[in-house]
Amino acid sequence: MITALILSLFIGLGQAQRFPTISYISQEKIQDIGGVVELECSVQYVRDFPVLWVKVDSVDQSRTTSISTGSTLIVKDSRFSLRYDQASSTYTLQIKDIQENDAGKYQCQVILTIAEKIKADVMVSVRIPPIIFDNSTRSVVVSEGQSIKLECYAGGYPPPRVSWRRENNALLPTGGSLYRGNILSIASVKKEDRGTYYCIAENNVGKGKRRNIAVEIEFSPVITVPKPRLGQALQYDMDLECHVEAYPPPAITWYKDEQQLSNNQHYAISQFATADEYTDTTLRILSVEKRQFGMYQCRAANKLGIAEAEVELFETSIPICPPACGQVNYSSGASSNDMAFLIGLVLIMINVVRR
Ligand SMILES: *[C@@H]1O[C@H](CO)[C@@H](O)[C@H](O)[C@H]1NC(C)=O
Ligand SMILES: *[C@@H]1O[C@H](CO)[C@@H](O)[C@H](O)[C@H]1NC(C)=O
């Protein structure tokens with residue numbers, strides 16, 4: 001009786017030990033795109049129970065796609081292969097040239113009955129270099145004083161870190177030369193904040209990605225006059241200059257005595273944009289006459305405002321150089337000094353003749 005009990009206990013234990021189990025499953029795999037992963041599942045006492053490799057749907061975890069059953073591959077994808085090692089009772093699933101959509105949860109299953117199965121999971125992650133999504137800011141144009149929000153979103157695996165910098169490592173309006181986060185906000189932009197901003201996404205897989213974001217700030221013109229007072233002798237040319245800073249580029253005009261000046265035999269107006277928002281303008285007064293001494297105004301206007309600055313031209317007895325120095329040019333090879341001497345000589349002679 002007792003022996004029968006002990007015997008049945010032993011049998012029971014023996015049966016319990018022979019219950020099918022998954023004795024080994026691979027650890028999580030992290031692989032670069034294009035790489036190879038091998039997933040191992042070792043089983044014991046499975047007898048005739050089917051052993052399956054399946055992929056678990058990332059959204060609906062109750063849905064699975066069968067990859068293999070026993071030592072037979074089900075999926076029709078040449079990148080997949082299956083090895084069965086009888087000695088260790090191990091089913092090895094190999095995936096070559098791994099792609100982004102191969103990432104996810106793989107499961108080794110031993111099917112006992114329709115309702116009952118033993119399972120073990122292994123996660124496969126595919127490392128993907130960062131990509132910057134299209135919903136990131138490309139460029140912005142705002143008026144001075146307004147607020148801006150620069151956005152940058154990036155994907156990849158592991159999820160990339162997003163940071164901001166400015167061209168030439170310039171100081172960010174947020175302070176410092178680096179800002180971490182998806183959104184760079186500036187409450188009230190100043191014209192100094194304009195320029196190129198970089199959104200950088202990095203995850204240590206391959207090279208990081210960078211997007212250049214142009215920040216254009218519209219502001220009303222600001223004029224600086226390098227030389228507010230200039231002297232010149234009669235009959236010599238003189239250049240009056242104004243430097244204009246404005247965006248959008250301004251319309252520039254010159255005035256004398258409330259009269260707008262234009263290009264003619266007395267004046268030559270030129271403009272030269274040194275950058276998007278810098279324009280140098282020069283008014284050349286040709287062969288200065290007495291009535292041309294006095295105050296001149298340069299005026300710059302764009303949709304945000306108007307600025308005006310004054311330059312004074314006064315009379316001197318000696319020609320001022322530049323621009324007067326080389327203006328008498330008979331291409332005779334004579335230096336300008338020689339020329340001035342010659343002219344002086346001629347004037348003296350005329351005077352002599354008059355007497
Ligand atoms: C930007 O686009 C990505 C990918 O399309 C999306 O996952 C993300 O939620 C979007 N972000 C915003 C703020 O729209
Ligand atoms: C004077 O004329 C010569 C010859 O045409 C020219 O090469 C030179 O640049 C001129 N000088 C000035 C100051 O205009």
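Start at 1 and go down the list; that is how both ligands and their atoms are numbered.
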List, for ligand 1, each N/O atom that has a protein N/O partner under 3.5 Å away, with both atom names and the distance.
{"residue": "ligand 1", "atom": "2 (O)", "partner": "Asn135", "partner atom": "OD1", "Å": "3.3"}
{"residue": "ligand 1", "atom": "2 (O)", "partner": "Asn135", "partner atom": "ND2", "Å": "2.2"}
{"residue": "ligand 1", "atom": "11 (N)", "partner": "Asn135", "partner atom": "ND2", "Å": "3.0"}
{"residue": "ligand 1", "atom": "14 (O)", "partner": "Asn135", "partner atom": "ND2", "Å": "3.2"}

Inset, instruction - Could you tell me whether Glu167 and Arg210 make a salt bridge, using a distance below 4.0 angstrom between a side-chain N and a carboxylate O? - result: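 Looking at Glu167 and Arg210, the cut-off is not met.
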Legend entry - Qualifying residues under side chain to side chain contact (heavy atoms under 4.5 Å, CB included), relative to Asp48, sequence neighbours excluded: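 Scan of Asp48 (side chain to side chain contact (heavy atoms under 4.5 Å, CB included), adjacent residues dropped) gives none.
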Legend entry - Residues forming a side chain to side chain contact (heavy atoms under 4.5 Å, CB included) with Ser58, sequence neighbours excluded: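 Checked Ser58 against side chain to side chain contact (heavy atoms under 4.5 Å, CB included); zero matches.
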Legend entry - Exercise: identify the closest heavy-atom pair between Phe219 and Leu304: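 In this case the closest contact between Phe219 and Leu304 is N-CD1, 3.4 Å.
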Legend entry - Minimum heavy-atom distance Thr69-Pro50, with the two atoms named: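 What the structure gives for the nearest pair is OG1-CB, 4.3 Å.
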Just distance, no hydrogens or angles: give the donor-acceptor pairs under 3.5 Å from side chains in residues 247-256, sequence neighbours left out.
{"residue": "Trp254", "atom": "NE1", "partner": "Thr281", "partner atom": "OG1", "Å": "3.0"}
{"residue": "Tyr255", "atom": "OH", "partner": "Arg299", "partner atom": "NH1", "Å": "3.4"}
{"residue": "Lys256", "atom": "NZ", "partner": "Phe293", "partner atom": "O", "Å": "3.2"}

